Colleague: 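Please find one structure pasted underneath; my questions will follow.
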4 protein chains.
Amino acid sequence: MTVTAALLKPRKSPVQARSVVTLDALHSAAIQVLTREGLGRCTTTRIAARAGISVGSLYQYYPNRDSLLAAVLEKHLDGVARAVERACRGHQGKPVAEMASGLVTVFLDVKLRNPRESRALYVIAEGIGGAKLAERLRTRMVTAMTDMLVSASDAHFADPDITAAIALSSLVGPVRLLLDGHAPTGFEASLEKQLVVLLTAFLQAHAN
Amino acid sequence: MTVTAALLKPRKSPVQARSVVTLDALHSAAIQVLTREGLGRCTTTRIAARAGISVGSLYQYYPNRDSLLAAVLEKHLDGVARAVERACRGHQGKPVAEMASGLVTVFLDVKLRNPRESRALYVIAEGIGGAKLAERLRTRMVTAMTDMLVSASDAHFADPDITAAIALSSLVGPVRLLLDGHAPTGFEASLEKQLVVLLTAFLQAHAN
Amino acid sequence: MTVTAALLKPRKSPVQARSVVTLDALHSAAIQVLTREGLGRCTTTRIAARAGISVGSLYQYYPNRDSLLAAVLEKHLDGVARAVERACRGHQGKPVAEMASGLVTVFLDVKLRNPRESRALYVIAEGIGGAKLAERLRTRMVTAMTDMLVSASDAHFADPDITAAIALSSLVGPVRLLLDGHAPTGFEASLEKQLVVLLTAFLQAHAN
Amino acid sequence: MTVTAALLKPRKSPVQARSVVTLDALHSAAIQVLTREGLGRCTTTRIAARAGISVGSLYQYYPNRDSLLAAVLEKHLDGVARAVERACRGHQGKPVAEMASGLVTVFLDVKLRNPRESRALYVIAEGIGGAKLAERLRTRMVTAMTDMLVSASDAHFADPDITAAIALSSLVGPVRLLLDGHAPTGFEASLEKQLVVLLTAFLQAHAN
DNA sequence: CATGAATGAGTCTTCATTCAT
DNA sequence: GATGAATGAAGACTCATTCAT
């Protein structure tokens, strides 16, 4: 683990119930401050205040501001990755149409479950070294998808990892459009169906 | 134009040759500082220094830091939008396969022409009121695409604007993956082909 | 309370002993810097330095520079107003000669007790929204004087509030002359007597 | 002449008509900017712009910002002093009642002729070394008044210079009250009469 | 352990002044 | 002479981080 990486790790493990509670409070406080005030005004003091603790205590849990934000981001991305992995395992050996449908469903589910949080994290990700984190989690998801794709009952993929990477990343843009509230009228209603069409068509195009 | 919008506008028009040069220097300086130091360290002083001018001079061209960054972003997005609009006009009445191919080619072309700049702008967009700008430009592109889609010789679209919005946004993720350098080996080589497959399959799925 | 007014209020109440000390230190530091360096050089950094604290700490007590200066001004003016009010109450029902004498005495007393501070505040008053403050305090004094005048045992005033306003303001110039050190030799020695003569003559001129 | 004094002098004498015009334009531009924007925003660039010339040209006439403001102040005070001196000469040998009346009339006349300008100058005076200037002009006026007082046909003054200083300075406060717009209703209407009463009573109190 | 006052480096922004054109 | 772009020192203010209580 590099020095930089070490600095982004939480300081104490949540062995005690209180810690877990505080950690959670800090996470949601961070997200609230972020969405309410913007990254510029998202200060440690404000986060601590909203979490109901003192700045000093915040530093008991995280060595610095960025590690807190990174933890929030990681927690979110980990949730997304877990959900995708589970879905992929659950669709092993199925036809690609089912895979596409299953994938879209979970993806939308985790991303839209808490839209406010999802949006806040895009902002965090740019501000800190979010790219590294995002990549690690993306790799997990692509791996899981690749495994699923190669098991498809009705298709064969020449470059399953590349197909997986494209398929996954192609979902990101449309979802973000919706989260940002910039989508055309009727977009949300048909988003899931459209994305299923998109993914299914793409995956079937590789079937021979 | 709102007050806020006014504040994001350049201060002086580049009527003189020198101004144009300085303006360009500022733009690329901003991009360099951004990619080299990150948004957090992208200060007016550093930008000015890299551009070879004084802070004072920077403020002769832009009323504040955000207006400079916004201008850089807008210039880039405007270039993308123009290219997409031109491509859409050029594929009126063609079959959807050609449309997909033309769109992907143009999109990759403008986005990858200056990868460093493209990446920097993702960071800017989050930090400032980039969402507004991005939406305006996206609207232009979606409009152009919608017009193109309805003219397709071999397909009919029930909701062409939604199809356009999804099609366009589905390209964003994969391209960014490449720009961020997180793509699997061989990704770049096949990206264009893959995206053409993706878009063609999606559009043809709507054909009846 | 308007927004502007709110911005000129101290940030934290001096509930703790330490705060009171720091607040006092800031006030006298401000006055010292003001008289030693002038309003132009009366910067937050310099005030903080002279007060023996950091700029950051200064901003824990006042939201901005002007609110600090305004507080200093208000404290001074409030002291003057209190003294005048007390004197006015103490001379209810007396003949105008005694009123004049009493008023001049307290006025000189409070203004000359700390000449350095008195002078500094003229400078402050111009720079910030001192006019508003000054007016409020002046109104208090004029009101108190008006009450006193109407109770005079040997005179009747047709427009007691106007008479009060003129009487009070006529003292300002001569006192300031002395504070600024521009008075002729022997001025200070006879100032009190002269002002008593001035005020008495003026008030008696209204007696019928 | 000290170095400081030299720096506050205009750079070129208005030998040419154009210079006079420009100088006047600068003076009123300064006053306008001052009243419209406040001392803080009263920059050389803005003054020059309002005067219709360039900053560079401004520096052709004054070596620095303060010398310009000082010149504006001096011109105003000189006007006041001249008027007072003339009035004093014109009332030589008259009874004190006439002197008082004449002085008040003239003082109000010059101060209220251009209230906006008068007010603006209080602000200037504090910001720059206005005290020095003010004192010089005040000395002229006190001298003229002293001469007048000693010639009074119906009174003898033990300390005519002190009496003059007090008399003059006692007018300042009331007039400023009016200029600042903080005077009670009916104040302006009766100000002249009241001040005549004030001064007459004061001067006659010295008569034996 | 918690607290939150104190710190001071670092940001943006302004503006008097100069000088090349 | 006139111009106004360029300069950069200096000011107000913020905020991550520390540490005495």
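None of these values were measured; they are calculated from a predicted model. Numbered from 1 within each chain, the chains take letters A, B, ... in sequence-line order.
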Colleague: Is a side-chain N or O of A/Arg50 found less than 3.5 angstrom from the main chain of A/Ala30, in a donor-acceptor match?
Modeller: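 No, because the side chain of A/Arg50 does not come within donor-acceptor range (under 3.5 Å) of the backbone of A/Ala30.
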Colleague: In whole Å, what is the span from the CZ atom of A/Arg65 to the P atom of F/dT17?
Modeller: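 After rounding, the gap between these two atoms is 8 Å.
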Colleague: In terms of the nearest nucleotide of DNA chain F, which residue is placed more toward the 5' end: C/Cys42 or A/Gly56?
Modeller: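 The residue closer to the strand's 5' end, by nearest nucleotide, is C/Cys42.
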Colleague: In whole angstrom, what separates C/Tyr59's OH from F/dT14's C1'?
Modeller: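 Rounded to whole Å, this separation is 10 Å.
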Colleague: Hey, does the side chain of A/Arg46 come within less than 4.0 Å of F/dC15's phosphate (OP1/OP2), counting only N and O?
Modeller: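 Answer is yes, contact under 4.0 Å.
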Colleague: Just the rounded figure in Å: distance from C1' of F/dG8 to CD1 of B/Ile53.
Modeller: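 Taking atom C1' of F/dG8 as the reference, CD1 of B/Ile53 is at 13 Å.
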Colleague: Rounded to the nearest 0.5 Å, what separation is found between the CZ atom of B/Arg116 and the OG atom of B/Ser28?
Modeller: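 Between B/Arg116 CZ and B/Ser28 OG, I get 11.5 Å after rounding to 0.5 Å.
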Colleague: Touch check for B/Gly40, heavy atoms < 4.0 angstrom, all strands: base, sugar-phosphate only, or nothing?
Modeller: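 Counting heavy atoms under 4.0 Å across all strands, no contact is made by B/Gly40.
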Colleague: Counting only side-chain nitrogens and oxygens, does D/Thr43 get under 4.0 Å of the OP1 or OP2 atom of E/dC15?
Modeller: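 No, no such contact exists.
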Colleague: What's the CG-C1' distance between A/Leu69 and F/dA16, to the nearest Å?
Modeller: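 Taking CG of A/Leu69 and C1' of F/dA16, I get 12 Å after rounding.
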Colleague: Under 4.0 Å: is that the gap between some side-chain N or O of C/Ser57 and OP1 or OP2 of E/dT7?
Modeller: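 Checking C/Ser57 against E/dT7: at least one side-chain N or O falls below 4.0 Å of OP1 or OP2.
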Colleague: C/Ile47 has an atom CD1; how far is it from atom C1' of F/dG11, in whole Å?
Modeller: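 These atoms are roughly 12 Å apart.
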Colleague: Provide, to the nearest angstrom, the distance between the CG atom belonging to B/Leu26 and the P atom belonging to F/dA6.
Modeller: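 It works out to 10 Å between those atoms.
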Colleague: Quickly work out the A/Leu58 CG to E/dT3 C1' distance and round it to whole Å.
Modeller: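 Going from CG in A/Leu58 over to C1' in E/dT3 covers 13 Å.
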Colleague: Is a side-chain donor or acceptor of B/Arg46 paired with a backbone partner of B/Leu34 at a separation under 3.5 angstrom?
Modeller: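 It does not hold such a pair.
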Colleague: Can you list the steps and then say if A/Lys75 with A/Asp24 is a salt bridge (Lys or Arg N to Asp or Glu O under 4.0 Å)?
Modeller: CA-CA 10 Å; A/Lys75 192 179 168 195; A/Asp24 276 346; 3.1 Å; yes
Colleague: For a quick test of reading the model: is some side-chain N or O of C/Tyr61 closer than 4.0 Å to OP1 or OP2 of E/dA6?
Modeller: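 Answer is yes, contact under 4.0 Å.
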Colleague: CZ of C/Arg41 versus P of F/dA12: gap in Å, rounded?
Modeller: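 One finds 11 Å between P of F/dA12 and CZ of C/Arg41, rounded.
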Colleague: Starting at the 5' end of DNA chain E and moving along, which residue's nearest nucleotide shows up first, C/Val55 or B/Thr44?
Modeller: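 Nearer the 5' end of the strand: C/Val55.
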Colleague: Are the side chain of A/Thr35 and the backbone of A/Ile31 linked by a donor-acceptor contact shorter than 3.5 Å?
Modeller: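 Pair found, side chain donor or acceptor close to backbone of A/Ile31.
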Colleague: For E/dT21, which nucleotide in any strand shown is its Watson-Crick or wobble partner with both distances under 3.5 Å?
Modeller: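 Base-paired to F/dA2.
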Colleague: When you measure from the side-chain N and O atoms of B/Gln60 to the phosphate of F/dG4, is any distance below 4.0 Å, counting only OP1 and OP2?
Modeller: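 Answer is no, no contact under 4.0 Å.
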